[in-house]
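Data first, discussion second: the structure below is written as C-alpha cells.
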Amino acid sequence: MKSRTAVLSDPLLDRMLLSPDEIADKAEELGAAITRDYDGRDLVLLTVLRGGLIFLADLCRHIDLSLTMDFMAISSYAGGGAAVRITKDLDDAIENRHVLIIEDIIDTGLTLNYLMGVLRQRRPASIEVCTLLDKDARRIAELPIAYRGFRIPDRFVVGYGLDLGGRFRNLPFVATLKDEVMG
Ligand code: IMP
C-alpha cells in the first residue's frame with residue numbers, strides 16, 4: 001500500500017489512535033461473534049449515514065449469514081436537544097426482524113437513544129447495537145451495547161468514517177485531533 005503521508009501530515013491531526021490492522025482485526029472478531037449470535041435469525045444491519053458506512057462495509061464481510069442492510073440519515077434540530085429529524089428513513093419494514101444498528105461512535109448516546117425509541121415503535125423482533133468506538137466517559141443516555149469495538153478517551157476523533165466538517169472520513173485509521181482544533 002502507498003504511504004499516507006498526505007493525510008497523516010495534515011496539520012489538524014494529532015496522532016493515530018487505532019491503526020488499520022487493529023480496526024480490521026476487531027471487525028473480524030465482532031463479525032464472528034455476530035455470526036454466532038444471529039445464526040438462524042432474520043437479521044437486518046441498519047446504519048446511520050454517513051459515519052457508519054465504512055465500518056458497516058468492513059464488518060458485514062465478516063458476518064457469515066444471510067442478511068439485509070438498510071440505511072437511515074438524520075440531522076439534529078437547530079437549538080440542540082436529543083430529538084433528531086429523520087432525513088432519510090429505512091426503505092423496508094423491520095417488524096418481526098432482528099435489527100442490529102451499526103454505529104461508528106457513541107458519545108453521549110442521546111442520538112442513538114432517541115433513534116432506538118423510534119425504531120422500537122415499529123415492533124422489531126429485537127434491536128441491538130454494535131459500535132466501533134465507545135466514548136463512554138461522556139455517556140448521558142444509558143444504552144445497552146451488545147458489541148463494542150474499542151473504548152476510547154474523551155477526545156474528538158476522525159477517520160474511518162468519522163468526520164470534522166465532512167472531511168477525514170476516508171482515512172484508513174482513527175486519529176485524534178490537536179487540542180487547539182477543538183478549542
Ligand atoms: P451522541 O453524543 O452519542 O449522540 O453522538 C452523536 C454523533 O456525534 C455521533 O454519531 C457522531 O456522528 C458524532 N460524534 C461524536 N463524537 C465524535 C468524534 O469524536 N468524532 C466525530 N464525530 C463524533
Side-chain angles (χ1 to χ4, degrees), residues 4 7-8 10-20 22-24 26-27 30 44-60 69-90 94 99-121 127-183:
R4 305 286 304 222
V7 276
L8 253 183
D10 190 297
L12 299 183
L13 298 185
D14 177 22
R15 66 178 188 89
M16 186 158 74
L17 189 66
L18 297 168
S19 71
E22 286 174 289
I23 298 170
K26 190 59 80 176
L30 292 173
V44 50
L45 302 181
L46 192 164
T47 297
V48 183
L49 299 172
R50 292 167 235 173
L53 202 55
I54 309 276
F55 181 40
L56 171 78
D58 285 340
L59 178 70
C60 72
M69 300 178 206
D70 210 340
F71 303 90
M72 285 182 106
I74 57 177
S75 72
S76 309
Y77 283 110
V84 292
R85 190 161 54 94
I86 296 175
T87 54
K88 185 220 168 294
D89 207 338
L90 299 174
I94 55 170
V99 174
L100 182 58
I101 302 176
I102 311 299
E103 274 281 10
D104 48 358
I105 191 165
I106 303 177
D107 185 14
T108 64
L110 290 173
T111 314
L112 192 54
N113 195 43
Y114 177 83
L115 206 57
M116 287 178 85
V118 170
L119 294 173
R120 277 200 193 93
Q121 291 171 8
I127 181 161
E128 300 287 355
V129 177
C130 172
T131 187
L132 179 69
L133 307 177
D134 183 7
K135 230 193 254 183
D136 55 354
R138 284 172 43 90
R139 190 65 30 80
I140 294 173
E142 263 326 302
L143 283 174
I145 301 176
Y147 307 94
R148 173 188 292 109
F150 303 93
R151 284 198 158 88
I152 62 163
D154 181 14
R155 294 282 306 270
F156 196 86
V157 291
V158 294
Y160 199 75
L162 292 153
D163 74 306
L164 175 70
R167 288 178 61 205
F168 298 119
R169 291 192 201 277
N170 60 318
L171 297 184
F173 49 80
V174 173
T176 50
L177 292 181
K178 294 211 176 96
D179 283 336
E180 55 267 30
V181 179
M182 300 312 291

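We count ligands from 1, going down the list as the structure has it; atoms in each ligand are counted the same way. Please read these numbers as outputs of a predicted model, since none were measured by experiment.
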> Heavy atoms only: which of Phe156, Phe168, Tyr114 is nearest to atom 17 (C) of ligand 1?
Replying inline: Phe156
> If you measure from atom 15 (C) of ligand 1 to every heavy atom of Thr131, Asp107, Ile74, which option wins on shortest distance?
Replying inline: Asp107
> If you measure from the Lys or Arg side-chain nitrogens to the Asp or Glu carboxylate oxygens, is any gap between Asp136 and Arg148 under 4.0 Å?
Replying inline: no
> Is the shortest distance from a Lys or Arg side-chain nitrogen in Asp10 or Arg167 to a carboxylate oxygen in the other one below 4.0 Å?
Replying inline: yes
Nearest non-hydrogen protein atom, [atom]:
atom: atom 20 (N) of ligand 1; answer: Val157 O, 2.6 Å
atom: atom 1 (P) of ligand 1; answer: Thr108 OG1, 3.3 Å
atom: atom 16 (N) of ligand 1; answer: Lys135 NZ, 3.2 Å

Enumerate the atoms of ligand 1 whose separation from the nearest heavy atom of [X] is less than 4.0 angstrom.
X: Leu162; result: 21 (C), 22 (N)
X: Thr111; result: 1 (P), 4 (O), 5 (O), 6 (C)
X: Leu110; result: 4 (O)

> Are there protein heavy-atom neighbours of atom 12 (O) of ligand 1 below 4.0 Å?
Replying inline: no
>> Quiz question for you: does at least one protein heavy atom lie closer than 4.0 Å to atom 5 (O) of ligand 1?
In response: yes
Take every heavy atom of [X], measure it against each atom of ligand 1, and state whether any distance is under 4.0 Å.
X: Arg155; result: yes
X: Ile105; result: yes
X: Gly109; result: yes

> Do Leu119 and Leu90 come close enough that some side-chain heavy atom pair is under 4.5 Å?
Replying inline: yes
>> Taking the side chain as everything from C-beta on, heavy atoms only, tell me whether Ile145 gets closer than 4.5 Å to Arg139.
In response: yes
>> Using 0.5 Å steps for rounding, measure from the CG atom of Leu162 to the CZ atom of Phe168.
In response: 12.0 Å
>> Is there a polar contact between ligand 1 and Leu112, counting only N or O atoms under 3.5 Å apart?
In response: no
> Does Arg50 CZ have over 12 foreign heavy atoms under 6.0 Å away?
Replying inline: no
> Is it the side chain (CB and beyond), the backbone, both or neither of Asp163 that lies under 4.0 Å from ligand 1, heavy atoms counted?
Replying inline: backbone
